[in-house]
*Asks:* 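Shown below is the structure under consideration.
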Amino acid sequence: MDDGSGADVRVLHVDDEPSLTDLVSIYLEREAGDVDLSVTTSNSGTEALDRLRQERIDCIVSDYDMPDIDGLEFLRAVRSEHPDLPFILFTGKGSEEVARDAFRVGATDYMQKDTGTDQYTVLANRVVNAVSQYRAKAASERYGTAIEVLDSGVYSLDSDARFSSVDEVFCDLTGYDRSNILGRRFTDIIEDAPDKFEAVFDTVTSSTGPETERFEAVLAPGPNYSHDDLLCEGHLAARPTEDDELGVIGTLQDVTERRRHRDRINYETRLKDAVLDTSTSLMSAEADEIGTKIEWTLQTVGEVAGLDRCSVYLYDDETNVAARMHDWQSGDHTDHPDRISLRDARWLVQRLHRFENACLHSVSDLPPEASNTKQVLADAETGGFVSVPMVSNWSLVGFVVFDVVDDGRSWTDTEVDLLRSVGNNITHTLARQRRERELRRQNDRLEEFASVVSHDLRNPLNVAKGFVELAREEDDVTYLDRALDGVGRMDTLLNDVLTLARQGRKVGETNAVAIENVVERAWKAVDTGDDAVLIVEDGLGTTPADEGRLQQAFENLFRNAVEHGSTSNQTMSGDAVEHGSTDRRNPSDDGSESGAAEGPDCHADGVARNPDILVRVGPTESGFYVADDGPGIPEDKRDTVFEHGHTTSESGSGFGLSIVESIVEAHGWEIAVTDPESDLGGARFEFDVGGVRSEVEPRFSLSDD
């Protein structure tokens, strides 16, 4: 193979498989297009380092898994001698950890080996692009060095380090007039550590010291300097003066922007490392660790980025409200609001719905039409902020806010992109949590169905089969009635299993539903008999829901109350309407019910009645409850009543409350058995439909589908 000495681009390919290096060399040279590219090969990292010291190399392509030193060790060795030389890790045994470590060590690019020859075209393009960028950077640095020399101020110092002459560039650079600087000691205009300059000066002027010395100092700028701080880099060189006294000539450059750039690069590197670390942690988090890992992510990124607060909000597009789910703050600052009505932050929402980042150096920069958003931020004492959308399945499901309380924080494009990555990582983590939870629910339902088929259905099937055989053997059709009981039992079980399967599916579209209307329709749909009374309290309001499924939940609870209701004649307090219908109540401040007829067992029409079953539905702070005056549920059984098969009724299938729980979970709500009402003493089921919870988030399309 040609040694490539006259080629435009020389590539060193390192791989311990000679047949592969030959193949890659042929394809790279052929696929480089108009670029004259030549490839030399090495089969070990040690050999490659020797060639690198002897030959001109423009780019290295290296395998990872090699016998003497692996690709990362080889990369470290290269970087110790060639900090910017393009290096592409081209490996078939890589992983996310290998890629992350490679970029940390200083890899230019990372590419995994694949089957087919198209990969070599991609690799050739990456090599050419990397070399082009490397050469452009080198040319820019050479040009910048020349400009810096032209912009250097020149001055001379006497043996006491006093200015004896300065040029115009020095005066323009420092902001001093010549008349104000001549005769002053150099240390007079140094703000910090003047002793370091004196040490450099003494070294240059000593008979045994080097001819030139470099120093860096923060200077106190003169009255004509327009900025706050002035970091300078200078060089001193000893020279004899006309009277044979030792003097010093020096140059001075303003490197303030260079330092800021260097600090910015270091900061962005640390922030990038923090984002990589937290993303790895989030990807490996177990289901019960996700909330903790998200808040650790916010803290880690917030501390590296010098932020004051970070918050994750999940967005409910039906109520147009975002709820704060996870947060972190440094120091004693005002909390971000728990809930944000996005009608009050339209300027922000418009950008989030376009999947754009919202970035402000100061809240005062908001345009006049953003007055509502400005008020929300002002109430939260926000100075500057970045807000990134959480996008899943092409829908806005939330956003993450990173902010500081002081004005004037600048945000670079790289910084904002990294913060956007944090928001994406959190979104993907919540989506994974949702998928795993849904899979567990599906598995649980499959286990329930298997149990029904293997056990619950087998019993009534055996009963029906046994009585049919008796009817045939004894020619007695009366046994068929017993067989029909078993068939009816099977029919009930099958219907409930199908209902459970359908109601457990995640709720899609919902509408604002008047709970009171759904309650009354559900009561009419249930055979409650003549001795059951429903009381509906005022204030139930509306909630976004699938109306049909919500009615099914109420029907099951009402049927449960009727089947397990009290057979004793308990006295109903208040003014219930006729048996089997509904009554609307307004609780008074003292807990009694207004509008009651005289006498606890009197009806509004004056007829005394003692209903066997009393059911009441009323509002709570975060939803509503359904209570009855039946025998109630023992405290040690409250956690098991929603399990399928749990029933105390001979005719029950044990699926009624399991279906209710499935409907509740499908809406993203919660249901719990709570302490009974003091005046009823029976069972009480409380629905929590308020707030947005990441643990139960079917309203949000947190998926990658």
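Side-chain atoms are counted along with the backbone in the values below, which use heavy atoms only and exclude waters and symmetry mates.
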*Asks:* With rounding to the nearest 0.5 Å, note down the distance linking CH2 in Trp669 to CD in Glu686.
*Replies:*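 Spacing of CH2 (Trp669) from CD (Glu686) equals 13.5 Å.
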*Asks:* What are the two closest non-hydrogen atoms of Val689 and Gly623, and how far apart are they?
*Replies:* CG2-CA, 3.7 Å
*Asks:* Output all residues satisfying ring pair (Phe, Tyr, Trp, His ring centres under 6.0 Å) with Phe402, sequence neighbours left out; order by chain, then residue number.
*Replies:* none
*Asks:* Ignoring hydrogens and geometry, is there a side-chain-to-backbone donor-acceptor pair from Trp411 to Leu360 under 3.5 Å?
*Replies:*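 Yes; at least one donor-acceptor contact below 3.5 Å.
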*Asks:* Hey, what do you get for CG (Asp546) to CD1 (Ile663), rounding to the nearest 0.5 Å?
*Replies:*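 So the CG of Asp546 and the CD1 of Ile663 are separated by 9.0 Å.
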*Asks:* Could you pull out the closest heavy-atom pair between Tyr313 and Met390, with the gap in Å?
*Replies:* O-SD, 3.8 Å
*Asks:* Are any side-chain N or O atoms of Arg135 and backbone N or O atoms of Asp58, one a donor and one an acceptor, separated by less than 3.5 Å?
*Replies:* no
*Asks:* Under a 3.5 Å distance rule, please check whether Arg178 uses its side chain to pair with a backbone N or O of Val166 as donor and acceptor.
*Replies:* yes
*Asks:* Looking at Arg309 and Val401, would you say the former's side chain and the latter's main chain have a donor-acceptor pair under 3.5 Å?
*Replies:* no
*Asks:* Backbone N or O of Gly384 within a donor-acceptor pair of the Arg409 side chain at under 3.5 Å?
*Replies:* no
*Asks:* Please determine whether the number of non-hydrogen atoms from other residues, nucleotides or ligands lying under 6.0 Å from atom CG of Asn266 exceeds 12.
*Replies:*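 Result for CG/Asn266: enclosed.
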*Asks:* Does the side chain of Val422 come within less than 4.5 Å of Val400's, by heavy atoms?
*Replies:* no
*Asks:* How about NZ on Lys272, more than 12 heavy atoms from neighbouring residues, nucleotides or ligands closer than 6.0 Å, or not?
*Replies:* no
*Asks:* Set out, in order, the CA-CA distance, both residues' side-chain angles and the distance that settles side-chain contact (heavy atoms from CB on, under 4.5 Å) for Phe215 and Phe201, then state yes or no.
*Replies:* CA-CA 9 Å; Phe215 69 92; Phe201 183 84; over 6 Å; no
*Asks:* I'd like to know if the side chain of Ser281 reaches the main chain of Asp277, judged simply by a donor and an acceptor atom lying under 3.5 Å from each other, with no hydrogens or angles considered.
*Replies:* no
*Asks:* Going by heavy atoms in the side chains, are Arg420 and Pro389 under 4.5 Å from each other?
*Replies:*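 A side-chain contact under 4.5 Å exists here.
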*Asks:* Quick check: do Thr543 and Phe687 have side-chain heavy atoms less than 4.5 Å from each other?
*Replies:*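 In short, these two side chains do not touch, never coming nearer than 4.5 Å.
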*Asks:* Given side chains that start at C-beta, do those of Leu123 and Ile88 come closer than 4.5 Å, heavy atoms only?
*Replies:*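 Heavy-atom side-chain distance check passes, below 4.5 Å.
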*Asks:* Kindly indicate, with the supporting measurements, whether the criterion side chain to side chain donor-acceptor pair (under 3.5 Å) is fulfilled by Gln375 and Asp379.
*Replies:* CA-CA 6 Å; Gln375 186 59 51; Asp379 291 343; 2.7 Å; yes
*Asks:* Donor-acceptor pair, distance only, cut-off 3.5 Å: does the side chain of Arg343 make one with the backbone of Arg346?
*Replies:* no
*Asks:* Keeping to residues at least two apart or across chains, list the salt bridge (charged side-chain N to carboxylate O under 4.0 Å, His left out) pairs with something in residues 215-225.
*Replies:*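 Non-adjacent pairs meeting salt bridge (charged side-chain N to carboxylate O under 4.0 Å, His left out): Arg214-Glu216.
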*Asks:* Please check if the side chain of Asp254 supplies one atom and the backbone of Thr256 the other of a donor-acceptor pair under 3.5 Å.
*Replies:* yes
*Asks:* Do the side chains of Leu72 and Tyr64 get nearer than 4.5 Å, heavy atoms only?
*Replies:*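 Tyr64 reaches Leu72 side chain to side chain.
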*Asks:* Taking all heavy atoms of Cys171 and all of Asp177, pick out the closest pair and write down the distance.
*Replies:* SG-C, 4.3 Å
*Asks:* Of the options Arg324, His326, Glu295, which is the one that meets Val312 in a side chain to side chain contact (heavy atoms under 4.5 Å, CB included)?
*Replies:* His326
*Asks:* For Val301 and Leu271, run side-chain contact (heavy atoms from CB on, under 4.5 Å): C-alpha distance rounded to whole Å, both residues' side-chain angles, the deciding distance at 0.1 Å, then the answer.
*Replies:* CA-CA 7 Å; Val301 171; Leu271 183 58; 4.1 Å; yes
*Asks:* Starting at CG of Leu219, measure out to CG of Leu231 and round the result to the nearest 0.5 Å.
*Replies:* 8.0 Å
*Asks:* Determine whether Val376 and Leu348 make a side-chain contact, defined as any pair of heavy atoms from C-beta on separated by less than 4.5 Å.
*Replies:*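 No; the side chains remain at least 4.5 Å from each other.
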*Asks:* Should Thr212 and His235 be marked as a side-chain contact (heavy atoms from CB on, under 4.5 Å) after you check the CA-CA gap, both sets of side-chain angles, and the distance that decides it?
*Replies:* CA-CA 7 Å; Thr212 63; His235 291 82; 5.8 Å; no
*Asks:* Under 3.5 Å, is there a donor-acceptor pair linking the side chains of Thr414 and Thr412?
*Replies:*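 Absent: no donor and acceptor within the cut-off.
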*Asks:* Report yes if the side chains of Glu303 and Trp328 come closer than 4.5 Å at any heavy-atom pair, otherwise no.
*Replies:*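 With C-beta onward as the side chain, the pair touches.
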*Asks:* Determine the interplanar angle of the Tyr155 and Phe186 rings, folded into 0 to 90°, and report it as parallel if under 30°, tilted if 30 to 60°, perpendicular if over 60°.
*Replies:* tilted
*Asks:* Strictly below 4.0 Å, N to O, side chains only: are Glu415 and Arg264 in salt-bridge contact?
*Replies:* yes
*Asks:* Is Thr300 reaching over with its side chain to a backbone N or O of Thr297, donor-acceptor style, under 3.5 angstrom?
*Replies:* no
*Asks:* Got a second to check how far Arg270's CZ is from Ile265's CD1, nearest 0.5 Å?
*Replies:*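 Output value for this atom pair is 12.0 Å.
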*Asks:* Just verifying a value: how many Å separate Asp403 CG and Leu307 CG, rounded to the nearest 0.5 Å?
*Replies:*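 Nearest 0.5 Å value for the CG-CG distance: 7.5 Å.
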*Asks:* What's the separation between atom OG1 in Thr542 and atom CD1 in Ile515, rounded to the nearest 0.5 Å?
*Replies:* 7.0 Å
*Asks:* With side chains defined as the heavy atoms from C-beta onward, is the minimum distance between Thr108 and Tyr134 less than 4.5 Å?
*Replies:* no
*Asks:* What is the minimum heavy-atom distance between Ala545 and Val513, and which atoms define it?
*Replies:* O-CG2, 3.7 Å
*Asks:* Looking at every heavy atom in both Tyr176 and Ala220, which two are closest together, and how far apart are they?
*Replies:* OH-O, 2.5 Å
*Asks:* Could you check whether any side-chain N or O of Arg259 sits under 3.5 Å from a backbone N or O of Cys232, counting only pairs where one atom can act as donor and the other as acceptor?
*Replies:* no
*Asks:* side-chain contact (heavy atoms from CB on, under 4.5 Å), that's the test. Do Glu191 and Leu230 meet it? Break it down for me.
*Replies:* CA-CA 10 Å; Glu191 283 194 339; Leu230 175 60; over 6 Å; no
*Asks:* I need the minimum non-hydrogen distance between Gly331 and Gln329, along with the two atoms involved.
*Replies:*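 What the structure gives for the nearest pair is O-OE1, 3.3 Å.
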